[in-house]
Amino acid sequence: MPHTELQKIRKELHRNPELSGYEVNTARIIAEYLTPLKADELLTNVGGHGVVCTFNGHQPGPHILLRCDMDALPIQEVNTFDHKSTKENVSHKCGHDGHTSILLGVANFLSQNKPKKGQVTLLFQPAEETGKGAIGVINDKQFRKIKPDYVFALHNLPGYEMHQIILKEDVFNASVTTMIIKLQGKTAHAAEPEHGINPSFAIADIIQEFNTYMVNDPKRDDFVVITPVYTKIGALAYGTAAGTGESHFTIRCWSQQQMNQLKSKLIQKCESTCQRYKLTSNISWEEDFQSNQNDSEAIQIIRDVAKNLDYNCLEKEEAFKWGEDFGVFTQKFKGAMFGLGAGINTPALHNPDYDFPDDLIESGIHIFTSIINKTLENNV
Ligand SMILES: [Zn+2]
Ligand SMILES: [Zn+2]
């Protein structure tokens with residue numbers, strides 16, 4: 001397997017990172033690599049700049065989808081190596097350059113070893129970091145005919161032993177959303193605040209009240225984290241009492257159902273507070289990430305693969321607190337997301353000095369292709 005070529009592509013992607021929704025050049029590099037591999041179908045511009053290719057087996061069988069993400073982050077790279085990002089404030093700090101290279105390697109493998117039966121679809125998904133990519137792909141007309149029986153994805157995980165496989169039954173990672181509350185009151189002379197409606201007190205109350213809903217213990221099923229991330233009230237005009245304000249929160253819990261309940265509780269709390277202070281409110285939601293629900297059969301397939309290939313396997317008790325939009329797929333299709341250890345001392349994801357370890361390209365391909373074989377073997 002030409003891993004040196006894949007490492008070169010990985011570094012080219014790293015040098016030329018593109019933000020979520022703008023992965024034009026990345027999609028071109030992917031399509032250029034895939035075209036000569038003669039997949040049975042190659043789709044571009046899926047859910048934005050997504051690329052999808054499918055390899056058909058010789059006999060009917062299950063349809064397996066493997067997904068990688070391909071977008072970069074608005075972070076300034078501080079590394080000085082040759083393949084450092086050439087773009088200011090944009091860099092691959094989540095390793096999606098590496099995930100893409102792994103899936104290209106799987107495509108190369110499949111072009112030489114067609115699946116014995118069924119179909120294998122490889123999805124190069126855009127815009128993971130904003131939570132818009134997976135849903136965009138699912139809603140794309142071109143994708144609608146693809147009906148996978150199994151879906152799998154991996155994420156590299158710094159802080160874990162290199163090549164270790166990290167498994168979690170049931171919930172793999174949190175359901176995450178962002179709540180934006182905008183309040184409209186009335187300005188007044190700062191000397192006469194009694195003539196205005198100042199949103200500051202309502203915002204202070206809302207922040208305090210939301211904090212009482214926190215259950216920041218990942219061991220608990222009713223885990224909830226509400227983090228105030230941004231607040232702006234009034235203007236830098238010292239003669240004026242504030243008349244408008246807004247506050248933004250990220251919200252995390254373990255399931256979509258809990259999220260829906262939590263959302264209505266927060267809306268209610270916000271509305272009753274506004275009523276008390278005679279403010280009008282506007283609530284909107286951004287960056288929705290559904291939690292990944294790992295299916296036990298899919299997890300068992302990965303577990304068997306890890307055992308057969310002699311990979312060290314870690315069964316996690318607690319889910320991860322971050323969002324990952326592959327949840328859109330595992331909520332709809334049977335499947336699983338798993339972690340691939342990226343080294344104990346590798347800088348954390350989204351840190352300015354992070355870089356995807358190239359050694360993972362080989363193990364990633366190895367694990368993914370073995371998952372395909374195992375899934376086909378299980379479905380006689
Ligand atoms: Zn990320
Ligand atoms: Zn990521």
Side-chain angles (χ1 to χ4, degrees), residues 2 5-55 65-75 77 83-111 119-146 148 151-156 287 324-326 328-329 356 358 361 364-365 368:
E5 192 196 348
L6 290 171
Q7 287 184 19
K8 258 169 72 185
I9 294 175
R10 207 283 294 175
K11 291 190 166 97
E12 187 185 347
L13 294 172
H14 194 94
R15 230 177 264 124
N16 300 288
E18 290 173 301
L19 289 175
S20 313
Y22 299 90
E23 308 91 339
V24 181
N25 187 48
T26 308
R28 185 186 54 76
I29 293 172
I30 293 167
E32 268 174 17
Y33 184 90
L34 294 177
T35 304
L37 300 183
K38 302 217 182 320
D40 294 286
E41 183 154 47
L42 177 61
L43 305 170
T44 53
N45 298 318
V46 182
H49 299 292
V51 182
V52 176
C53 70
T54 300
F55 292 88
L65 178 140
L66 306 179
R67 170 272 209 176
C68 73
D69 33 23
M70 58 199 261
D71 51 334
L73 283 155
I75 297 172
E77 170 139 63
H83 63 280
K84 67 174 183 284
S85 168
T86 55
K87 288 192 189 161
E88 206 170 319
N89 285 325
V90 186
S91 55
H92 271 292
K93 293 298 162 199
C94 210
H96 299 182
D97 49 348
H99 300 165
T100 299
S101 308
I102 289 172
L103 216 58
L104 290 174
V106 176
N108 188 46
F109 172 87
L110 288 170
S111 73
Q119 287 175 296
V120 180
T121 291
L122 306 178
L123 163 61
F124 299 81
Q125 186 211 294
E128 188 285 319
E129 296 288 356
T130 55
K132 292 195 168 76
I135 196 80
V137 168
I138 289 260
N139 290 334
D140 191 302
K141 261 199 215 129
Q142 296 190 86
F143 190 80
R144 260 178 228 161
K145 62 180 177 218
I146 297 168
V151 295
F152 294 96
L154 63 77
H155 207 293
N156 78 97
E287 306 212 346
E324 225 292 349
D325 79 349
F326 189 61
V328 167
F329 291 94
F356 181 87
D358 278 326
I361 295 177
I365 296 170
F368 264 158

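Just so you know, these numbers use all the heavy atoms, side chains as well, and skip hydrogens, waters and symmetry mates.
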For a 4.5 angstrom cut-off between non-hydrogen side-chain atoms, does [X] reach [Y]?
{"X": "E5", "Y": "Y33", "value": "yes"}
{"X": "L34", "Y": "V51", "value": "yes"}
{"X": "L73", "Y": "H92", "value": "no"}
{"X": "L104", "Y": "L6", "value": "yes"}
{"X": "L66", "Y": "V106", "value": "yes"}

### Query
Is it true that a side-chain atom of D71 and a backbone atom of E128 form a donor plus acceptor pair closer than 3.5 Å?
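Such a contact is found between D71 side chain and E128 backbone.
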
#### Entry: Check ion pair K8-E12 (N to O, under 4.0 angstrom)
no

### Task
Look at E23 together with R28 and state whether they make a salt bridge at an N to O cut-off of under 4.0 Å.
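Looking at R28 together with E23, the answer is no, because their closest N to O distance does not fall below 4.0 Å.
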
Quick check for you: to the nearest 0.5 Å, what is the distance between [X] atom [atom1] and [Y] atom [atom2]?
{"X": "F356", "Y": "C94", "atom1": "CZ", "atom2": "SG", "result": "11.0 Å"}
{"X": "L123", "Y": "L65", "atom1": "CG", "atom2": "CG", "result": "5.5 Å"}
{"X": "L42", "Y": "L122", "atom1": "CG", "atom2": "CG", "result": "10.5 Å"}
{"X": "E18", "Y": "S91", "atom1": "CD", "atom2": "OG", "result": "13.0 Å"}
{"X": "T130", "Y": "L19", "atom1": "OG1", "atom2": "CG", "result": "9.5 Å"}
{"X": "D69", "Y": "T26", "atom1": "CG", "atom2": "OG1", "result": "11.5 Å"}

### Task
List for me each residue that meets salt bridge (Lys or Arg N to Asp or Glu O under 4.0 Å) alongside E77, sequence neighbours excluded, and say none if there are none.
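Salt bridge (Lys or Arg N to Asp or Glu O under 4.0 Å) check on E77 returns K93.
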
### Message
Checking Q125 now: which residues fulfil side chain to side chain donor-acceptor pair (under 3.5 Å) with it, not counting sequence neighbours?
### Response
R67, D325

### Summary
Residues at least two apart in sequence or cross-chain that pass ring pair (Phe, Tyr, Trp, His ring centres under 6.0 Å) with H99, listed by chain then number, are H96, H155

